[in-house]
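First comes the structure, then the notes that go with it.
We name chains A, B, ... by the order of the sequence lines, and we start the count at 1 in each one.
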There are 4 protein chains.
Amino acid sequence: MKTQQTAEGVARPAGRPRSEKAEKAIVEATLDLLGDGIGVSELSIEAIAARAGVGKTTIYRRWTNKEDLVVDALASLKPPIPLSRGGSVRDDLVTYLRVIREESRHQRTRCIMNIAMTDTERHPRLAERFREIAIKPRREVVLAVLRRGIDSGELRADLDVEVAMGMLSGAIIWHVKWSDPDEEISEDLPERIVDEALKGFRPREA
Amino acid sequence: MKTQQTAEGVARPAGRPRSEKAEKAIVEATLDLLGDGIGVSELSIEAIAARAGVGKTTIYRRWTNKEDLVVDALASLKPPIPLSRGGSVRDDLVTYLRVIREESRHQRTRCIMNIAMTDTERHPRLAERFREIAIKPRREVVLAVLRRGIDSGELRADLDVEVAMGMLSGAIIWHVKWSDPDEEISEDLPERIVDEALKGFRPREA
Amino acid sequence: MKTQQTAEGVARPAGRPRSEKAEKAIVEATLDLLGDGIGVSELSIEAIAARAGVGKTTIYRRWTNKEDLVVDALASLKPPIPLSRGGSVRDDLVTYLRVIREESRHQRTRCIMNIAMTDTERHPRLAERFREIAIKPRREVVLAVLRRGIDSGELRADLDVEVAMGMLSGAIIWHVKWSDPDEEISEDLPERIVDEALKGFRPREA
Amino acid sequence: MKTQQTAEGVARPAGRPRSEKAEKAIVEATLDLLGDGIGVSELSIEAIAARAGVGKTTIYRRWTNKEDLVVDALASLKPPIPLSRGGSVRDDLVTYLRVIREESRHQRTRCIMNIAMTDTERHPRLAERFREIAIKPRREVVLAVLRRGIDSGELRADLDVEVAMGMLSGAIIWHVKWSDPDEEISEDLPERIVDEALKGFRPREA
DNA sequence: ACATAATCGAGACGGTACGTCCCGTCTTGTT
DNA sequence: AACAAGACGGGACGTACCGTCTCGATTATGT
């Protein structure tokens, strides 16, 4: 492929450059459709092209398959860093769990989450990307809170922070996903989880 | 519609009765395909019919849509009751978490689990059924163990058993699904989870 | 392929038989489009399917390529045998040339003729078929007239009927196709051609 | 539009002049492709540009559509004046028909002829141009021969030269195009045509 | 034994989306 | 201003399945 030389000395491929506008429209259309509850399998390139007002070739020129496109679309989402920090460990953890629960109640986030939980097994690259952009930042935040708690003496010095993090995140997700749909999820679930976790299941020995 | 009278006195429609063999073959073919990692969306009636050696009509005559078929197929699975009971609360919980982890390592269970985690949002009836046949029995078992622990004094009398159950189940699932694929999941993860849960995060006050 | 046995003992392929109605609709749509002046190259399977109210597969199931479809479509046209016979040789030949000229003035025939003249080189099978259904019958008719003329003494006994036929048919086509579009083609062209042909170009020797 | 002043005083548009080399390459590429048996409909600007080593814009800048380009390309062909004159009328006519038959046997001429016969209806401007550069000169030549024959007494004084010309040209073309492909076209076809035409179909009266 | 009737397999039906190819237009930096 | 390169929106290609339909053949009973 021939290239052209720009003033900045950066090689550029010859010919008309790819339209950033089109690219954005495609990603946005993808997120829109995903947000409308369309799953990765049901998501059709043709529908994306139509909604983005773009030719199919313009999509295929950039992404060789649907999975890559979805990966990039998800990646374009800013991870809405969920934690306001600075209070007590208990307050921070409660806040964190509340944010997750709130997210799971909003349409777009919910759909994105679904994809994460859902199409992840059939699309390993997607899972990897999701871990990167969604799981990892939250994980770091919780780990930081827990470590801070250990330093300040609020938490046990020998606490297994990995396990603790899994218990907190896992618990809220479990309830959101699997609790009986007839019963309301209690509003104070985050507090209850955090408190039980802090206390431990065993009775205090005299 | 004319009916026929069987010896048992049960009214039966006239004409050739439906083949039980075909029905079984269809359900089996469905589970096979699901077990091969095919998701509900990718699962095609055509493929099921082909693998079952059956005409497509024979499937559509019995189930009006794919979801209903999958529901029935999943229902036909015996819930492999996961808990050997009788030891200490700690032992029982560790055993329970181990069973879940093992299941997640075996092909067929893993795939079924994926479907549960996966296609659940797009197929609400499926989710409901899965809750019925997979979640509920496990939930009951854990709740029973926890209540027994309270009775025996091994656990706090005011323990929130729902929350505790969510923490345990959620923690193991979280780790199985979201832990860094490069790092091995530690073999003693079930023990670590149970121990941290029992102890609580907070240090013992003097 | 499995077959079924009919009462008449004629083997029939299993499954739903192909719809004759669809087949006719496809052929008719093809001729319509061709008659609208669409050439074989411009003719799209998609357009045929749309006009016939038929799925593309229904077309591809029967014809592997466009050319075969056009061949069959043309073949379905009844050759409108152009000659009323029984008069003098001169009258019959004039009638024949008139019919050709008239045909070349009517829309549908004109378009079919165009295809014959046109797409024939790029589509040899089409040419062959056209020769069969359009050229050959006309050729036979003219040859018959000429032979009758020889028998009756109206024409020379040693007349080269092949060449004579070519001169008559070729002359009318040449004029229809290549005469100056500004000048009207004279109404009595058929008579003029026949008369010149009968007389010969050379003057009568004393 | 600004213009520049050449030494010859002819106004010229400002900016880089159009490349004559490119223009020639385009026309040549077009004729090449046409000669390879590609029809006007199948002929793609993309293919022409590629073969000419030229950008598509360079073509579209000069010709607004494919037809115009083909017209110009055909126009660039020198009409290979087909008649050596000077012998008897019979000899001249035989020579003329032979030339046509030979042309129809050579690849490039054959393809050009095909285009004439072929794409003419769908592309009227092309037809007109072809009439100008290919038909008209031949027509004139034959008419001249015939008129010369009348003057010299070789032909009837009242011969309808237009009709006669059509019969001769039409006959050879008819045979070349429509004769049975299994039978060889007889080598002496030109002689046979001319002789029959000269004699007329009717027997000499005593 | 035979008519009745629902089911069976096979496969054609009208559709939708696929990923590819090429169209004619447009938008770059270079000549 | 013209050039080559190549991206753009669009339309048709031929394929793969979709869920529905229509066949003849099969398999039960009820007379």
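- Taking 4.5 Å as the limit, some side-chain heavy atom of T58(C) sits within range of a side-chain heavy atom of R61(C).
- Checking the phosphate oxygens (OP1, OP2) of dA2(F), a side-chain nitrogen or oxygen of R18(D) falls inside 4.0 Å.
- Nucleotide dT7(E) holds its P atom 13 Å from the CD1 atom of I26(B), rounded to whole Å.
- Exactly one of D68(A), D72(A), T30(A) qualifies for a side-chain hydrogen bond (donor to acceptor under 3.5 Å, both in side chains) with W63(A). That residue is D72(A).
- Counting only distance, with no hydrogens or angles, the side chain of K66(C) and the backbone of V40(C) share a donor-acceptor pair below 3.5 Å.
- Note: NZ (K66(B)) to P (dT20(F)) measures 12 Å, nearest angstrom.
- Checking P17(A) against A22(C), the closest nucleotide of DNA chain E that is more toward the 5' end is the one next to A22(C).
- As a whole-Å value, the separation of E20(C) CD from dC23(F) P is 11 Å.
- Counting only distance, with no hydrogens or angles, the side chain of D36(A) and the backbone of I38(A) share no donor-acceptor pair below 3.5 Å.
- Take the nearest nucleotide of DNA chain F for A52(A) and for E46(C): the residue whose nucleotide is more 5' is A52(A).
- Mapping R62(D) and N65(C) onto DNA chain F by nearest heavy atom places R62(D) closer to the 5' end of the strand.
- The phosphate of dA2(F) (OP1 or OP2) has no side-chain N or O of S19(D) nearer than 4.0 angstrom.
- Taking atom CD1 of I59(B) as the reference point, atom C1' of dT7(E) lies 14 Å away to the nearest angstrom.
- In this model, no side-chain donor or acceptor of R16(A) finds a partner on the base of dT27(E) within 3.5 Å.
- Proximity note for K56(A) (side chain, C-beta onward) versus dG9(F), dA12(F), dC8(E): the nearest is dA12(F).
- A residue-by-residue look at R61(A) and V54(C) shows that V54(C) has its nearest nucleotide of DNA chain E further toward the 5' end.
- Regarding contacts with the backbone of dA10(E), every side-chain N or O of T57(B) stays at 4.0 angstrom or more from both OP1 and OP2.
- Distance from the side chain of I45(B) is smallest to dG19(F) among dG19(F), dT15(F), dA4(F).
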